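Heads up, the thing below is written out as structure tokens.
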Amino acid sequence: MSLAIIATREIGMIDPYQQYSRPSSNDFAYRNNHAKYESDTKEFEQLSERYEHLSEKAWVKDYTIGYIQFTLLRQKLVKLIEFGEFTGNVMSDNYRLHYKDIEDAQNLKEFFLHSDCDGELGTEQIEVLNKHMQQHSDAILNSGEPGIIKFAEFVKKSVEENVCWKFI
């Protein structure tokens, strides 16, 4: 199994399938009102088509990595940008991030402690991560870690395109 991080622009619309139920002719409200059923179905389909169109235009780039590799990437990256270090076993309750108390700490923590299976990361957090990665670009390039270098390129592209990330 692997993690996919989808870099996408905000579209300002919630997926109709998550927000609403598709109209069903078996619903009590439509039993004696076929015209209302047709109208609601048409509206739902239009919303769905609009959402799909906006989603396609919003996509910028994908980054795929295994779950364990993503954990290892974050463990190495936190040290490379001199933000802190993880201690303990990732599979136990004693896994902790010890970090420097700096101005950007909260935004960096949001990335380093983010769930690796779902959720989103906003443009502000990505910009802060990129800023710190750029400040330590020599360490990243000299790390000899192709995965980290590839990830740095993904982060930079995400900032250039002003996109957020969806973890799936």
Side-chain angles (χ1 to χ4, degrees), residues 1-20 47 50-168:
M1 295 188 65
S2 64
L3 164 69
I5 303 173
I6 311 297
T8 181
R9 290 180 186 83
E10 296 285 342
I11 62 173
M13 183 178 184
I14 297 173
D15 182 352
Y17 282 96
Q18 289 183 355
Q19 188 170 6
Y20 310 109
L47 279 172
R50 177 158 170 68
Y51 177 80
E52 194 65 36
H53 175 73
L54 291 172
S55 294
E56 287 173 8
K57 286 177 55 178
W59 177 84
V60 174
K61 189 174 174 92
D62 293 353
Y63 181 83
T64 306
I65 187 170
Y67 290 111
I68 298 298
Q69 288 82 5
F70 188 59
T71 298
L72 295 174
L73 179 140
R74 290 189 288 184
Q75 289 174 347
K76 292 173 185 173
L77 187 59
V78 75
K79 290 179 182 179
L80 286 172
I81 67 169
E82 299 176 5
F83 178 56
E85 69 177 324
F86 286 95
T87 60
N89 183 330
V90 70
M91 303 304 268
S92 69
D93 290 340
N94 68 346
Y95 190 63
R96 302 276 185 268
L97 171 62
H98 300 278
Y99 59 92
K100 291 181 180 177
D101 188 17
I102 59 174
E103 181 180 337
D104 296 330
Q106 185 59 39
N107 286 317
L108 288 170
K109 281 180 11 187
E110 293 211 17
F111 166 71
F112 285 108
L113 297 174
H114 196 285
S115 167
D116 60 1
C117 58
D118 62 5
E120 295 185 10
L121 197 66
T123 56
E124 181 180 356
Q125 290 81 22
I126 299 166
E127 287 171 9
V128 168
L129 177 61
N130 184 62
K131 178 180 91 173
H132 286 271
M133 290 177 79
Q134 293 302 314
Q135 289 171 350
H136 296 89
S137 60
D138 288 344
I140 289 170
L141 290 173
N142 293 330
S143 71
E145 298 279 348
I148 291 177
I149 294 168
K150 181 181 170 191
F151 183 71
E153 293 167 1
F154 175 72
V155 173
K156 184 178 180 186
K157 173 81 171 168
S158 297
V159 170
E160 290 169 357
E161 296 288 336
N162 193 36
V163 295
C164 63
W165 292 347
K166 294 182 181 181
F167 291 74
I168 55 172

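Position 1 is the first residue of the sequence, and the numbers go up from there. Bear in mind that the values here come from a model prediction, so they are computed numbers and not experimental data.
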Residue list, salt bridge (Lys or Arg N to Asp or Glu O under 4.0 Å) with D116, at least two apart or on another chain: none
Where is the tightest heavy-atom contact between D118 and H114, given as atom of each residue plus distance? O-CE1, 3.1 Å
Note: E153-K157 ion pair, threshold 4.0 Å (strictly below): no
Quick one: list whatever passes salt bridge (Lys or Arg N to Asp or Glu O under 4.0 Å) with E110, sequence neighbours left out. none
Show the nearest heavy-atom pair for residues F151 and L77, with the distance to one decimal. CE2-CD2, 4.0 Å
From CE (M133) to NZ (K156), nearest 0.5 Å: 11.5 Å
Taking every non-hydrogen atom, the tightest pair across A105 and K100: CB-O, 3.8 Å
Under the salt bridge (Lys or Arg N to Asp or Glu O under 4.0 Å) rule, collect the residues that match up with K131, sequence neighbours excluded. D104
Taking only residues two or more places apart in sequence or in another chain, which ones pass ring pair (Phe, Tyr, Trp, His ring centres under 6.0 Å) with F86? Y95
Between OG on residue S137 and CG on residue N130, distance to nearest 0.5 Å: 10.0 Å
Heavy-atom side-chain contact between F83 and I102 under 4.5 Å: yes
Closest non-hydrogen atom pair, S158 against I126: CB-CG2, 3.9 Å
Test side chain to side chain contact (heavy atoms under 4.5 Å, CB included) applied to N89 - qualifying residues, sequence neighbours left out: M91, S92, N94
Just so I know, are the side chains of L72 and Q75 near enough to count as touching, which here means a heavy-atom distance under 4.5 Å? yes
Any side-chain heavy atom of K109 within less than 4.5 Å of one from Y99? yes
ring-ring contact (aromatic ring centres under 6.0 Å, His included) partners of residues 115-149, not counting sequence neighbours, each pair once: none
Taking the side chain as C-beta and beyond, is there a heavy-atom pair between V163 and T123 under 4.5 Å? no
